[in-house]
Structures are given as structure tokens and as C-alpha cells.
Trainee: 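The structure follows.
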Amino acid sequence: MRIVAEIDRELPGLSDCERRQVLEDRLRKQAAVEAQDFVRRHEQAAAERGRRDAARAVARERAERERAATADAEAARHALPCEDCGLSQAAGFCPARTSWRRTDSLVQEAVALAVAVRADITNPTAVEEDPAVRERHPRPAGGDV
């Protein structure tokens, strides 16, 4: 309808046959322009799909390399012998040594907590003399406890 209105406004004295001829010419031109635009948009979309596919392929390759590197590092870690007893394929510590270290760590934490709980933190001398208390209850910057 827009093209018909343009023809009537631009060429008011045309006969029906001439008007139809001009309308057909303009419709053909408009269709050609729209077809070119469609082809251009289709080519742009295909190029964008190609770029996205290439980016996904690069990301997949990088992720696969990272997975392989992680698996290699994990395999190398598992191949290490126990540092204490020399048991092979122990990932650095055999199960017994791992349990012992964890138990030792928990005992040390429990002792530190017991010392800190029993200390009189309102007594500055006691705090200064006991490093476990100082660690659990640091003094304020001004020096007052």
C-alpha cells in the first residue's frame, strides 16, 4: 500500500495501465532489494554461526587439555610413595599416616583450645606469658586488655 500511495503522490496523472506498470516495476525493485537484504542477513548469520562453532571447538579443546593435565597430575600424585613408610602408590601418605596426622592435628587444636579456655584473659600478665592465649585472644592495638 505504501508503494501505491507513493505512485499516486509522485505521478498523479497516470492511466490504470501505466500505473500498474510502474507499480510492478517498483514491486520488482523492492523484492530484489529485500532478497539481497535476506541473502546478506543469511550470510552474516552463517558467518556468526561459524565463529561461535569455532569458539566452542577451541573451548572444548582447551577443556580437554585441562582435564588431561589434571588427570596426569592426579596420576602422578597417586604414584608417589608414602613420605614416612615408603609404601608405593600412596599419594604421599599411606592411609595409616594420613589418619595419624589428622589425629595429631586435632589433638593439638584441642590442647590449644583447652589452654585458651582456662586462661584468665582479663589478666594482662597471663596473656603475655601464654602464647596459646595470645594466639586465641590478640591484644587490642592500644595495649589495653
Trainee: Go through the structure and list residues passing salt bridge (Lys or Arg N to Asp or Glu O under 4.0 Å) with R51, not counting sequence neighbours.
Mentor: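 R51: salt bridge (Lys or Arg N to Asp or Glu O under 4.0 Å) contacts with E48.
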
Trainee: Between L87 and L80, is there a shared hydrophobic cluster once you connect ILVMFWY residues whose side-chain heavy atoms come closer than 4.5 Å?
Mentor: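 Shared cluster, no.
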
Trainee: Which residues satisfy the side chain to side chain donor-acceptor pair (under 3.5 Å) test with R9, sequence neighbours excluded?
Mentor: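 Once residues adjacent in sequence are excluded, R9 has no partner under the side chain to side chain donor-acceptor pair (under 3.5 Å) criterion.
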
Trainee: Measuring only between side-chain heavy atoms, which start at C-beta, is R62 closer than 4.5 Å to E66?
Mentor: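 Contact flag for R62/E66 side chains = yes.
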
Trainee: May I ask you to say whether R40 pairs ionically with E43, meaning some side-chain N is under 4.0 Å from a carboxylate O?
Mentor: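 No, R40 and E43 are not salt-bridged.
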
Trainee: Under 4.0 Å between a side-chain nitrogen and a carboxylate oxygen: does that hold for R41 and D37?
Mentor: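 A salt bridge is present here (some side-chain N lies under 4.0 Å from a carboxylate O).
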
Trainee: Is the backbone of E24 close enough, under 3.5 Å, to the side chain of R28 for a donor and an acceptor to pair up by distance?
Mentor: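 Here the side-chain-to-backbone pair exists.
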
Trainee: Please determine whether a side-chain nitrogen of the Lys or Arg among R101 and D104 lies less than 4.0 Å from a carboxylate oxygen of the Asp or Glu.
Mentor: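 Looking at R101 and D104, the cut-off is not met.
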
Trainee: Say you draw a straight line from CG of L27 to CD of E34; how long is it, rounded to the nearest 0.5 Å?
Mentor: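 Interatomic distance, L27 CG to E34 CD, rounded to 0.5 Å: 9.5 Å.
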
Trainee: Is the CG atom of D72 crowded by more than 12 outside heavy atoms at less than 6.0 Å?
Mentor: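 Yes - once you tally the heavy atoms of other residues, nucleotides and ligands closer than 6.0 Å, there are more than 12.
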
Trainee: I'd like to know if L14 and I3 are part of one continuous hydrophobic network [Ile/Leu/Val/Met/Phe/Trp/Tyr, side-chain heavy atoms within less than 4.5 Å].
Mentor: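 Same cluster: I3 reaches L14 through Ile, Leu, Val, Met, Phe, Trp or Tyr contacts under 4.5 Å.
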
Trainee: Measuring from atom SG of C94 to atom CD of E83, what distance do you get when rounded to the nearest 0.5 angstrom?
Mentor: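 Going from the SG atom of C94 to the CD atom of E83 covers 10.5 Å.
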
Trainee: Would you give the length of the straight line joining atom CZ of R26 to atom CD1 of I7, rounded to the nearest 0.5 angstrom?
Mentor: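 R26 CZ to I7 CD1: 5.0 Å, rounded to 0.5 Å.
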
Trainee: With a 4.5 Å limit on heavy-atom distance, are the side chains of D8 and R19 in contact?
Mentor: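 Side-chain contact under 4.5 Å: yes.
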
Trainee: Identify the heavy atoms of E18 and S15 that sit nearest to each other, and give their distance.
Mentor: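 Scanning both residues, the minimum pair turns out to be OE1-N, 3.1 Å.
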
Trainee: Looking at every heavy atom in both A90 and C82, which two are closest together, and how far apart are they?
Mentor: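 Distance-wise, the nearest heavy atoms are CB-N, 3.7 Å.
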
Trainee: Quick check for you: to the nearest 0.5 Å, what is the distance between L106 atom CG and R102 atom CZ?
Mentor: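 The distance works out to 4.0 Å.
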
